[in-house]
Amino acid sequence: MITVIVLSGPIGAGKSSLTSILAKHLGSTAYYEEVNDNPVLPLYYKDMKRYTFLLNTYFLNRRLAEINEAAANHNDVLDRSIYEDLLFFNMNVDSGVADPTEYQIYHDLMDNMMEDVPGTPRKKPDLLIYIHVSLETMLKRIGKRGREYEQLDTDPSLKEYYENLLRYYEPWYEQYDVSPKMMIDGDKYDFVDNIDDQDLVLDIIDTKLREIGNL
Ligand SMILES: Nc1ncnc2c1ncn2[C@@H]1O[C@H](COP(=O)(O)OP(=O)(O)O)[C@@H](O)[C@H]1O
Ligand SMILES: Nc1ncnc2c1ncn2[C@H]1C[C@H](O)[C@@H](COP(=O)(O)O)O1
């Protein structure tokens, strides 16, 4: 039985934190989204029009490598699903920041790369965990983490970008049907600093893993 668990949710929702807590709890490996040594991310925040395609191609490459590694183990946990990249890209097309043709090319490439090939491990996750947060929580946590290019002090127009991003997440989660899914209330549970909340969240996830037959 091989299970790949992916975390999803807006920037600062707590994906990396819960990835590490969950992998430790399950005794499995955590795979983190590459941020600090990502050469495109700072460029993207300076010029989204120019760098949306490159950033998503970069992430696609990185995430596929992690998916292939995780697919060979049991209960490995990935920080952010590959499917959310389409959400970001789509949002940028809708707001006129990215080009629809670039989006279509990226979409086709991703479909091709994610297709199951007989004789190779499945690339699709077995469970998606979505951390829901309000704008207030999201902004607070982005501030707490302190990556310079994400701060409203660096670029006040990011507030609108973050608001817009949250609007795209609800329908995206509702429509997501690649695997079983579940939502964690990231406003309610402080799974980082409160051990009772952490235990509660882990219980909720264990129950879901049992329900889908993976624990
Ligand atoms: N549930 C939570 N309660 C309190 N603080 C949190 C929670 N989730 C995340 N944080 C804090 O918010 C910041 C962003 O969390 P992180 O896990 O890096 O989010 P993401 O990976 O979704 O961008 C970090 O400083 C982290 O300690
Ligand atoms: N596909 C993406 N398009 C634009 N920006 C993205 C994409 N994937 C991740 N990001 C950004 C958002 C954050 O600034 C960093 C890391 O994400 P986080 O939610 O903090 O783990 O990358």
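Ligands are counted one by one from 1 in listed order, and the atoms in each one are counted from 1 as well.
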Taking all non-hydrogen atoms of both residues into account, name the closest pair between Ile142 and Gly12 and its distance.
CG1-CA, 4.4 Å
Could you tell me if [Y] and [X] have a donor-acceptor pair between their side chains, going purely by distance under 3.5 Å?
X	Y	value
Asp94	Tyr168	yes
Glu66	Tyr32	no
Glu160	Asn164	no
Tyr103	Asp108	no
Glu84	Ser81	yes

Atoms in ligand 1 with a heavy atom of [X] nearer than 4.0 Å:
X	answer
Lys144	5 (N), 11 (C), 25 (O), 27 (O)
Tyr189	1 (N), 2 (C)
Ser17	9 (C), 15 (O), 16 (P), 17 (O), 26 (C)

For Asp193 and ligand 1, does the shortest N/O to N/O distance drop below 3.5 Å?
no
Does an N or O from Ile11, backbone or side chain, lie closer than 3.5 Å to an N or O of ligand 1?
no
Run the salt-bridge test on Asp177 and Lys124 with the 4.0 Å N-O cut-off and return the result as yes or no.
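No, no charged N to carboxylate O under 4.0 Å.
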Would you please determine whether Pro10 falls within less than 4.0 Å of ligand 1 on a heavy-atom basis?
yes
Does ligand 1 have any atom that is closer than 4.0 Å to a heavy atom of Ala13?
yes
Under 4.0 Å from ligand 2 - residues by heavy atom, chain and number
Ile11, Lys15, Glu33, Val35, Leu41, Tyr44, Tyr45, Leu55, Asn56, Phe59, Arg63, Arg80, Asp85, Phe88, Arg145, Arg147, Glu150
Side-chain (Asp187) to main-chain (Val133) donor-acceptor, under 3.5 angstrom:
no
Expected output: side-chain Arg62 to main-chain Ala65 donor-acceptor under 3.5 Å:
no
